[in-house]
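Working notes, beginning with the structure itself.
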Amino acid sequence: MALPAMPHPHLVVLRSTATVLLSCLIAQAGWASAFLGGDSQYVRHHQVGAWVTLVVAIASAVVYLVLRRSAGAVNVTLAVLLAAAVGLQVALGESHLRAVHIFVGVLLAMLGTALTSWTYRHVLPEPTGPR
C-alpha cells in the first residue's frame, strides 16, 4: 500500500500558516482563561502573546496575499479579516475594554477555525493557459 501523495507546496505553506495562527489564538484563549480564573501571573503571557499573535496574523495575511491564486478568494478574505480583527483585539486589550475584548476573542477563535478549515479543504484551481 502506497502512501498518499504530498499536497502541492503552496497548500503545505498555507496549511502550516493557518495552523500556526490558530495555535496562537488558542494560546491566547488559554492564557486569558488562566488569569481570569484567578492566576494573575498569566496576564503578562497574554499581553506578550497578543503582539506575537498580531505579527503572526499580519504575516499570515501576507502569505495568503502572495499565494492568492493558490489560496482562493475565500481564504484570502478570511486571512485579511483575521489580521484586521487581531489588530482590533490588541487595541481593545490596550484600551481595557474587557467585555468587548472577550467577545471579539471568541469571534477570533471562530474566524481562525474557519480559515484553518477552509484552507485544509481547499484544492488548487486547475492551471490555465499554455503548458
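- In terms of hydrophobic clustering, with Ile, Leu, Val, Met, Phe, Trp and Tyr side chains grouped at heavy-atom distances under 4.5 Å, Met110 and Phe103 are assigned to a common cluster.
- Although no hydrogens or angles enter the test, the distance criterion places no donor-acceptor pair under 3.5 Å between the side chain of His10 and the main chain of Leu124.
- The hydrophobic clustering, which links ILVMFWY residues whose side-chain heavy atoms are closer than 4.5 Å, places Val13 and Ile58 together.
- A donor-acceptor pair under 3.5 Å is formed between the side chain of Asn75 and the backbone N or O of Ala71.
- Criterion: ILVMFWY side-chain heavy atoms under 4.5 Å apart, direct or through other members. Under it, Leu11 and Val74 are not part of a common hydrophobic cluster.
- Between the CH2 atom in Trp118 and the CG atom in Leu14 there is a gap of 14.5 Å [rounded to 0.5 Å].
- The distance from the CD atom of Gln28 to the OG atom of Ser23 is 12.0 Å, given to the nearest 0.5 Å.
- Hydrophobic clustering (side-chain heavy atoms under 4.5 Å, transitive across Ile, Leu, Val, Met, Phe, Trp, Tyr) groups Leu97 together with Leu88.
- Nearest approach of Ala85 to Leu108, heavy atoms of both residues: CB-CD2, 3.5 Å.
- Note on Leu67 and Leu82: same hydrophobic cluster, where clusters join Ile, Leu, Val, Met, Phe, Trp and Tyr whose side-chain heavy atoms are under 4.5 Å apart, directly or indirectly.
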Query raised in the report: Between Tyr64 and Leu78, does a side chain to side chain contact (heavy atoms under 4.5 Å, CB included) hold up when you go through it step by step?
Result: CA-CA 9 Å; Tyr64 275 83; Leu78 287 171; over 6 Å; no
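- Just one of Thr19, Val56, Val55 meets the side chain to side chain contact (heavy atoms under 4.5 Å, CB included) condition when paired with Cys24; it is Val56.
- A side chain to side chain contact (heavy atoms under 4.5 Å, CB included) with Thr116 is found for exactly one of Thr17, Leu22, Val20, Leu21, namely Leu22.
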**Report entry** Pair Leu36-Ile102, side chain to side chain contact (heavy atoms under 4.5 Å, CB included): steps then yes or no
**Finding:** CA-CA 11 Å; Leu36 288 174; Ile102 292 169; 4.1 Å; yes
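- The NE2 atom of His8 sits 11.0 Å away from the NE2 atom of His122 when rounded to the nearest 0.5 Å.
- Judged by distance alone, with hydrogens and angles left aside, the side-chain atoms of Gln89 form a donor-acceptor pair with the main-chain N or O of His101 at under 3.5 Å.
- Ring geometry for Tyr42 versus His45: interplanar angle of 30 to 60°, hence tilted.
- For the atom pair CD (Gln41) and CH2 (Trp31), the distance works out to 12.5 Å, reported to the nearest 0.5 Å.
- Minimum interatomic distance between Ala61 and Ala83 (heavy atoms only, all atoms of both residues): CB-CB, 3.9 Å.
- In this structure, the separation between CG on Leu25 and OG1 on Thr113 is 8.0 Å, given to the nearest 0.5 Å.
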